Amino acid sequence: MKIDLKKSISLQKLIYKKSFLDMFCYYFLVFVMPLLLFYIIFISNNPLNYKQVVFYIIVGLPSIWNVIGLKYIDELTYLGEIETKSRTEYINQIILNCKYESKVEQEDLIILKKSYGWFTQAKELIIMFDDKRAYGNLTNLGRGNIRIPFFSYSNKLKLSTHKKSDNEDL
């Protein structure tokens, strides 16, 4: 996907053209699941007992968390002031400490990925530079490189506590 660097930095949010599959996963599945759950619990004619209500609430909590995660999935986090000369050293330090595998590099945009787990999951770290300032976004990717909003709040916290010299947990 193509990221618009200037708009992203000015809005403090990743701005890019989304594919149909991204749109389907974000808006349809995330919003339809809670509505379907609401229908099953309150509108259907089936009488519910206590165990069924507790089950539906527990099943619905991940859907609600996904909706909350949509707020943080595209946000950029300020990483600090990094001189133009020390950018490559900073990126190489992150690659060595966090074991990122692939690297896509443009002038002021760097995308790092690493795979983990049994399934086709990965983490993607996007770093943008604006003069001396650095901004980052950490996202979990699922099958087909679909961004998962479920982990976006914890990823936002990881980046917000991240310091320029401390790169162990990204």
Side-chain angles (χ1 to χ4, degrees), residues 1-33 62-117 120-170:
M1 289 188 271
K2 185 81 174 160
I3 296 174
D4 187 355
L5 191 66
K6 289 183 181 182
K7 269 188 181 178
S8 295
I9 290 174
S10 66
L11 296 174
Q12 295 291 311
K13 194 171 193 160
L14 286 177
I15 304 294
Y16 55 90
K17 187 175 181 181
K18 294 182 179 180
S19 69
F20 174 75
L21 190 57
D22 280 336
M23 298 293 281
F24 178 77
C25 287
Y26 290 156
Y27 300 109
F28 184 74
L29 291 178
V30 172
F31 291 116
V32 166
M33 292 301 287
S63 297
I64 294 167
W65 189 254
N66 275 336
V67 171
I68 293 170
L70 286 174
K71 179 183 182 332
Y72 296 105
I73 197 163
D74 288 330
E75 280 192 10
L76 291 176
T77 304
Y78 178 70
L79 298 177
E81 301 267 332
I82 299 171
E83 295 291 328
T84 309
K85 298 173 187 174
S86 62
R87 284 183 188 175
T88 55
E89 179 184 318
Y90 178 71
I91 297 302
N92 289 334
Q93 182 183 7
I94 290 175
I95 290 172
L96 288 175
N97 290 343
C98 304
K99 298 177 179 73
Y100 279 93
E101 299 160 356
S102 63
K103 179 179 174 182
V104 176
E105 189 171 353
Q106 295 174 1
E107 185 177 335
D108 289 332
L109 175 69
I110 295 166
I111 301 173
L112 304 171
K113 285 186 184 178
K114 72 175 174 179
S115 299
Y116 67 92
T120 55
Q121 291 184 342
K123 279 198 178 202
E124 180 179 60
L125 176 62
I126 299 172
I127 301 174
M128 297 180 184
F129 296 103
D130 180 35
D131 296 327
K132 293 181 180 180
R133 295 178 301 237
Y135 299 94
N137 179 283
L138 183 63
T139 307
N140 286 55
L141 303 174
R143 175 178 248 158
N145 286 337
I146 295 173
R147 298 170 53 228
I148 301 172
F150 191 80
F151 301 106
S152 58
Y153 184 71
S154 63
N155 289 338
K156 173 81 173 164
L157 287 176
K158 282 181 189 177
L159 275 180
S160 64
T161 58
H162 170 74
K163 300 293 180 206
K164 193 171 128 178
S165 60
D166 181 29
N167 300 325
E168 284 93 28
D169 262 355
L170 292 180

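Keep in mind the model is a prediction, meaning the values are calculated, not measured.
Between L125 and L159, some side-chain heavy-atom pair lies under the 4.5 Å cut-off. The shortest side-chain heavy-atom distance between K103 and N92 falls under the 4.5 Å cut-off. Considering only heavy atoms from C-beta on, M128 comes within 4.5 Å of I3 through its side chain. Side-chain contact between L5 and Q106 is absent, with no heavy atoms from C-beta onward closer than 4.5 Å. Counting heavy atoms from C-beta on, the side chains of I127 and R87 never come closer than 4.5 Å. Two residues are said to be in side-chain contact when any heavy atoms from C-beta on lie closer than 4.5 Å; N140 and Q121 fail this criterion.
Applying the salt bridge (Lys or Arg N to Asp or Glu O under 4.0 Å) test to residues at least two apart or on different chains, the pairs with a partner in residues 126-145 are E83-K132, D130-R133.
Using a distance-only test at 3.5 Å, with no hydrogens or angles considered, no donor-acceptor pair links the side chain of N137 to the main chain of L76. Under a 3.5 Å cut-off, the side chain of S115 and the backbone N or O of A122 do not form any donor-acceptor pair.
Note that CD1 of I68 is 10.5 Å distant from CZ of F150, once rounded to the nearest 0.5 Å. Remark: F129 CZ to L79 CG distance equals 8.0 Å, nearest 0.5 Å. Residue D74 holds its CG atom at 9.0 Å from OG of S152, rounded to the nearest 0.5 Å. Note: F151 CZ to L141 CG = 11.5 Å, rounded to the nearest 0.5 Å. With rounding to the nearest 0.5 angstrom, the OG1 atom of T88 is 11.0 Å from the CD1 atom of I82. To the nearest 0.5 Å, atom OH of residue Y90 and atom CD1 of residue I110 are 10.0 Å apart.
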**Prompt:** Do L112 and K114 pass the side-chain contact (heavy atoms from CB on, under 4.5 Å) test, and can you show the C-alpha distance, the side-chain angles, and the key distance before you say yes or no?
**Reply:** CA-CA 7 Å; L112 304 171; K114 72 175 174 179; over 6 Å; no

**Request:** Mind running side-chain contact (heavy atoms from CB on, under 4.5 Å) on N145 and K113 for me, showing each step along the way?
**Result:** CA-CA 10 Å; N145 286 337; K113 285 186 184 178; 3.5 Å; yes

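Enclosure of atom OH in Y116 by more than 12 non-hydrogen atoms of other residues, nucleotides or ligands within 6.0 angstrom is indicated. Atom CD of E89 has 12 or fewer heavy atoms from other residues, nucleotides or ligands within 6.0 Å.
For K71, the side-chain contact (heavy atoms from CB on, under 4.5 Å) criterion is met by E75, not counting sequence neighbours. Applying the side-chain contact (heavy atoms from CB on, under 4.5 Å) rule to Y153 yields the partners W65, Y72, L157; only residues at least two apart in sequence or on another chain are considered.
Contact between Q12 and Y135 at its shortest, heavy atoms only, is NE2-CE2, 3.4 Å.
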